[in-house]
Amino acid sequence: MTTKITSAPPAAGPRKGSRRRPPASSATKVGRPGFAWALPAAVFFALFAIAPLIMVAVLSFMSWDGIGSPQFVGTDNWSRLMDDPVMLQSIWLTLLLTVLGVVIQTPLSIVLGVWAAGHQRNRAVLSVIYFIPLLLSATAVSVLWRALLDPNFGIPADATWLFGDGNLFGEQATAIGVLAFVSTWQFTPFHTLIYQGAARAVPQVLYQAAEIDGAGRYRQFFHITLPQLRNSMITSMILMIVGGLTTFETVLILTQGGPGTDTTISAYYMYDKAFKGFDFGAGSAIALALVVAATIISLIVVRVSGYDKMRSTMEGVS
């Protein structure tokens, strides 16, 4: 008796030249983390940002002095603010300081950031000294400059040939100039840090190719560096706008809205209405208006600049 042995046909293997993809696993997947990772931050944001914002929105339609029970008054708070000349002036002053901050700080931050990203001699030491204002709080900076610019014993008292009577807080123009200067001195290092990181991320091959084509430093700056800093510039400007619309400590300590109401910006007027005038309904209306204005302006900047269409070059992130 003979046994016939038949062999099974060989299994189809991978074609020559093809590469078999390894099975996907949790260790090899690249992508965004799950929602569970963001849950603690989402809960924190909801409790300390969303919930207070909702309460402020509700309170803007109430009349409350901070002691008794709030009374619903509808849109009365909003109507009074629309007819309030101080409120209208505060909006104009807020926009003015915001524009001054963007116009002054943006070019200064770009130049210093690109310089700090280089390899100059003593660059690290000078950068550390320059970034010192970034380590101080807005209150400390305001107290410092209030003492330095005091008309009685500050710098203006010893330099009357430059500052006249020395009272820089006595006129609207000089007081606004002081506010713009102090904000620039404090926050320019922060935006410089943004541009420094962005400038270091520019591929060096672009500069090498430009040198081969005979482009000098100025042409490289305007045709390579600035275009590569576009997204960082938009981010910096949005932060400047939001910061300008919500400036408070600097005005509170340096000018207290004076002389008169000449430097009363919207954020300070909100404080004046709520905590000095005990009109928390009107103060809440101003606060809500600032939130809405900052959000709308930021969205407009993002939309016009095309920042919302930016895509990351990192693997797994779109």
Side-chain angles (χ1 to χ4, degrees), residues 30-33 37-38 41 98-138 140-141 180-244 246-247 294 297-318:
V30 178
R32 298 181 184 274
W37 293 91
T98 302
V99 171
L100 286 176
V102 173
V103 172
I104 297 174
Q105 295 181 41
T106 299
L108 188 60
S109 301
I110 292 176
V111 173
L112 291 173
V114 173
W115 173 83
H119 303 281
Q120 297 85 353
R121 186 179 181 183
N122 298 325
R123 174 192 56 81
V125 176
L126 294 176
S127 296
V128 169
I129 297 174
Y130 177 74
F131 286 126
I132 288 179
L134 188 59
L135 305 177
L136 304 177
S137 65
V141 169
F181 168 77
V182 172
S183 297
T184 300
W185 185 83
Q186 180 184 7
F187 294 112
T188 298
F190 171 74
H191 299 282
T192 298
L193 193 62
I194 295 177
Y195 291 117
Q196 179 183 5
R200 286 181 175 177
V202 178
Q204 292 298 315
V205 66
L206 299 178
Y207 297 105
Q208 295 171 0
E211 289 180 359
I212 294 175
D213 292 338
R217 289 187 176 182
Y218 291 101
R219 293 189 64 183
Q220 292 179 20
F221 176 78
F222 286 104
H223 294 279
I224 297 177
T225 306
L226 277 184
Q228 293 292 319
L229 297 180
R230 176 176 173 269
N231 293 323
S232 299
M233 191 182 306
I234 296 170
T235 302
S236 175
M237 290 178 62
I238 292 175
L239 294 175
M240 289 180 187
I241 292 172
V242 175
T246 57
T247 298
I297 294 176
S298 299
L299 290 176
I300 291 175
V301 172
V302 169
R303 189 70 174 179
V304 172
S305 62
Y307 185 77
D308 57 332
K309 298 181 178 60
M310 184 186 70
R311 294 294 180 264
S312 175
T313 58
M314 296 177 60
E315 182 180 2
V317 180
S318 58

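These values consider heavy atoms only, across backbone and side chains, with no hydrogens, waters or symmetry-generated copies.
Residues Tyr130 and Thr188 are in side-chain contact: their nearest non-hydrogen atoms beyond the backbone lie under 4.5 Å apart. For the pair Ile194 and Phe190, the minimum side-chain heavy-atom distance is below 4.5 Å.
Between the side chains of Tyr207 and Thr225, at least one donor N or O lies within less than 3.5 Å of an accepting N or O.
Heavy atoms of other residues, nucleotides or ligands lying less than 6.0 angstrom from CZ of Arg217 number 12 at most. Around the CE atom of Met233, the shell of radius 6.0 Å holds more than 12 heavy atoms that belong to other residues, nucleotides or ligands.
When all heavy atoms are compared, the tightest approach of Gln196 to Ala117 is O-CB, 3.7 Å. In this structure, Ala198 and Leu229 approach most closely via the heavy-atom pair CB-CD2, 3.4 Å. Gln220 and Ala210 get closest at one heavy-atom pair: CG-CB, 3.9 Å. Taking both residues in full, the closest heavy atoms of Met240 and Thr98 are given as O-CG2, 4.4 Å, listed atom of the first, atom of the second, then distance. The shortest heavy-atom contact between Thr247 and Gly243 is OG1-O, 2.8 Å. The two atoms that bring Ile224 and Leu206 nearest to each other are CD1-O, 3.5 Å, heavy atoms only.
Annotation: the span from Tyr195 atom OH to Leu108 atom CG amounts to 11.0 Å, rounded to 0.5 Å. Atoms CG and OG1, on Leu100 and Thr184 in that order, are 8.0 Å from each other to the nearest 0.5 Å. From Asp213, atom CG reaches atom CZ of Arg219 across 8.5 Å, with rounding to the nearest 0.5 Å. Atom CG of residue Leu112 and atom NE2 of residue His191 lie 12.5 Å apart, to the nearest 0.5 angstrom. Going from atom OG of Ser183 over to atom CD1 of Ile104 covers 9.5 Å, rounded to the nearest 0.5 Å. Atom CD1 of Ile132 and atom OG of Ser127 lie 11.5 Å apart (nearest 0.5 Å).
Side chain of Thr106 to main chain of Val102: a donor-acceptor pair is present (N/O by atom type, distance under 3.5 Å, no hydrogens or angles).
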Between Phe187 and Leu239, is the side-chain contact (heavy atoms from CB on, under 4.5 Å) condition met? List the steps. CA-CA 10 Å; Phe187 294 112; Leu239 294 175; over 6 Å; no
What's the verdict on side-chain contact (heavy atoms from CB on, under 4.5 Å) for Leu134 and Thr192, showing C-alpha distance, side-chain angles and the deciding distance? CA-CA 10 Å; Leu134 188 59; Thr192 298; over 6 Å; no
